[in-house]
Novice: 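Below you'll find the structure I mean.
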Amino acid sequence: MPTLDFARLVTGLREQTEVFAAAAAGGDPEAVVPTCPEWRLRTLVAHIGQASRWGAELVRTGLPVPVPDPARTDPGSPGEWGGWLRAGAEELAEAVRKVGEDTEVWSFVGPVPAAFWLRRMFCEAAVHGYDAALTTGAAYEIAGDLAADVITEGMELMAHPRAETFKPELALMRGAGERLAFRPHGMDGWVISRLPEGLRWERGNGPGDVVVTGTVTEIMLVLSRRIPPASVTGNRALLEHWLANSTY
């Protein structure tokens with residue numbers, strides 16, 4: 001379940017769509033995205049704009065809908081990107097408003113409240129906003145509460161009972177009680193435990209066999225494998241194994 005309320009999820013989606021749109025604006029549509037080298041900037045824009053529309057359709061129907069191929073989606077000319085991206089975000093927000101944020105709809109982890117897709121798409125825009133900024137040299141920013149929720153959503157998905165059905169590699173993350181601690185400055189962190197039966201996580205600044213510290217935005221980007229960690233103590237190999245197998 002989202003940890004942010006409905007209004008904040010909507011504003012979060014809008015904020016991160018704006019950050020993404022501003023970062024992409026003026027970029028070369030054929031520029032390679034360094035953190036997603038299989039994509040050009042145009043494809044990244046298509047992915048974000050189409051993902052919001054896909055989420056809206058999932059919410060409206062409550063049923064599975066084929067995942068769109070961004071390579072076959074035309075986001076228009078670069079001058080049209082911003083409007084097209086904003087329209088997709090608003091379509092998703094309106095779909096959730098219309099059906100009700102708690103209405104049960106389909107997802108890859110089973111039935112979820114419709115607000116799940118608002119959160120999923122703002123998280124998607126948040127991480128890919130960094131990709132767009134890196135590609136064009138634009139500034140990147142995200143509010144602390146949003147960055148924290150991107151991290152929490154990732155923890156929830158990876159610890160979900162059905163996680164290994166959509167990410168089989170997570171079976172490699174089972175362990176014997178090893179703990180990874182991520183401690184952002186000025187707020188509670190996250191501690192992941194690798195157990196024989198699967199992953200567990202909790203908020204707080206408990207001990208870890210490996211500890212990563214930084215700003216909450218830095219930790220969000222480390223966990224999404226966008227930047228290397230700047231401050232690591234303890235078992236670095238444990239962290240490297242996690243980062244190699246935990247993306248989804």
Side-chain angles (χ1 to χ4, degrees), residues 4 8-59 65-96 116-151 153-154 157 215-228 247-248:
L4 303 177
R8 185 58 176 135
L9 288 173
V10 172
T11 60
L13 177 63
R14 287 172 175 161
E15 287 174 20
Q16 291 312 298
T17 299
E18 286 294 340
V19 168
F20 182 95
D28 177 358
E30 297 305 316
V32 173
V33 180
T35 39
C36 302
E38 71 280 12
W39 282 356
R40 301 295 190 267
L41 182 60
R42 176 185 292 277
T43 314
L44 184 65
V45 172
H47 168 64
I48 291 299
Q50 190 58 60
S52 290
R53 290 166 170 84
W54 176 64
E57 190 171 359
L58 290 171
V59 169
V65 177
V67 180
D69 181 355
R72 298 187 177 188
T73 299
D74 182 9
S77 65
E80 299 171 318
W81 286 353
W84 185 73
L85 291 163
R86 293 182 198 99
E90 292 304 320
E91 183 179 336
L92 173 56
E94 182 57 30
V96 177
F116 170 95
W117 286 108
L118 269 179
R119 188 191 197 195
R120 176 86 288 278
M121 295 314 175
F122 110 67
C123 291
E124 192 78 358
V127 173
H128 285 309
Y130 176 81
D131 297 331
L134 185 65
T135 304
T136 65
Y140 175 77
E141 61 180 357
I142 181 171
D145 65 327
L146 298 182
D149 201 54
V150 172
I151 297 169
E153 193 230 21
L157 288 176
T215 68
V216 67
T217 299
E218 288 170 344
I219 289 175
M220 182 196 86
L221 294 173
V222 166
L223 286 169
S224 57
R225 296 204 303 178
R226 265 47 188 189
I227 64 172
T247 55
Y248 55 88

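Computed from a prediction, not measured in an experiment: that's the story for all the values here.
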Novice: Side chains of Glu57 and Glu91: does their closest heavy-atom pair fall under 4.5 Å?
Specialist: no
Novice: Could you tell me whether Arg53 and Glu90 make a salt bridge, using a distance below 4.0 angstrom between a side-chain N and a carboxylate O?
Specialist: no
Novice: Is the shortest heavy-atom distance from the side chain of Glu153 to the side chain of Val150 under 4.5 Å?
Specialist: no
Novice: What is the minimum heavy-atom distance between Ile151 and Val216, and which atoms define it?
Specialist: CD1-O, 3.9 Å
Novice: When rounded to the nearest 0.5 angstrom, what is the spacing between CG in Asp131 and OH in Tyr140?
Specialist: 9.0 Å
Novice: Distance from Leu4 atom CG to Asp149 atom CG, nearest 0.5 Å?
Specialist: 4.0 Å
Novice: Could you walk me through whether Val32 and Thr135 satisfy the side-chain contact (heavy atoms from CB on, under 4.5 Å) test, starting with their C-alpha distance in whole Å, then the side-chain angles of each, then the deciding distance to 0.1 Å, before giving a yes or no?
Specialist: CA-CA 7 Å; Val32 173; Thr135 304; over 6 Å; no
Novice: Quick one: closest heavy-atom pair of Leu13 and Ala89, and the distance?
Specialist: CD2-O, 3.5 Å
Novice: Say whether, by atom type as modelled, one donor and one acceptor occur between the side chain of Glu15 and the main chain of Gly12 under 3.5 angstrom.
Specialist: no
Novice: Does the side chain of Phe122 reach to within under 4.5 Å of the side chain of Val10, using non-hydrogen atoms?
Specialist: no
Novice: Would you please test Met121 and Thr17 for side-chain contact (heavy atoms from CB on, under 4.5 Å) and show each step?
Specialist: CA-CA 9 Å; Met121 295 314 175; Thr17 299; over 6 Å; no
Novice: Check the pair Thr136, Leu41 against side-chain contact (heavy atoms from CB on, under 4.5 Å), reporting the backbone distance first and the verdict last.
Specialist: CA-CA 9 Å; Thr136 65; Leu41 182 60; 3.9 Å; yes
Novice: So which atom in Ala132 and which in Leu44 form the shortest heavy-atom distance, rounded to 0.1 Å?
Specialist: N-CD2, 3.8 Å
Novice: Can any side-chain N or O of Tyr130 pair as donor or acceptor with the backbone N or O of Phe20 at less than 3.5 Å?
Specialist: no
Novice: Side-chain donor-acceptor pair under 3.5 Å between Thr11 and Arg8, yes or no?
Specialist: yes
Novice: I'd like to know whether Cys36 forms a side-chain contact (heavy atoms from CB on, under 4.5 Å) with His47, so could you lay out the CA-CA distance, the side-chain angles of the two residues, the decisive distance to 0.1 Å, and finally the verdict.
Specialist: CA-CA 12 Å; Cys36 302; His47 168 64; over 6 Å; no
Novice: Is the His128 ring parallel, tilted or perpendicular to the Trp39 ring (thresholds 30°, 60°)?
Specialist: tilted
Novice: Nearest 0.5 angstrom please: Leu146 CG to Cys123 SG, how far?
Specialist: 8.5 Å
Novice: Between Gln50 and Pro68, is there a side-chain heavy-atom distance shorter than 4.5 Å?
Specialist: yes
Novice: Taking all non-hydrogen atoms of both residues into account, name the closest pair between Ala24 and Trp81 and its distance.
Specialist: O-CZ3, 3.7 Å
Novice: Taking all heavy atoms of Ala71 and all of Thr43, pick out the closest pair and write down the distance.
Specialist: N-CG2, 4.1 Å
Novice: Compare every heavy atom of Pro34 with every heavy atom of Leu134, then report the nearest pair and how far apart it is.
Specialist: CD2-CB, 3.9 Å
Novice: Counting only heavy atoms not in Glu94 (residues, nucleotides, ligands), do more than 12 fall under 6.0 Å from its CD?
Specialist: yes
Novice: What's the separation between atom CD1 in Ile227 and atom CD1 in Ile219, rounded to the nearest 0.5 Å?
Specialist: 9.5 Å
Novice: Quick check against the 3.5 Å criterion: does Trp54 have a side-chain atom that pairs as donor or acceptor with the backbone of Val65?
Specialist: yes
Novice: Quick one: do Arg120 and Glu124 make a salt bridge, cutoff under 4.0 Å?
Specialist: yes
Novice: Would the distance check show the side chain of Arg42 and the main-chain N or O of Pro29 forming a donor-acceptor pair, the cut-off being under 3.5 Å?
Specialist: no
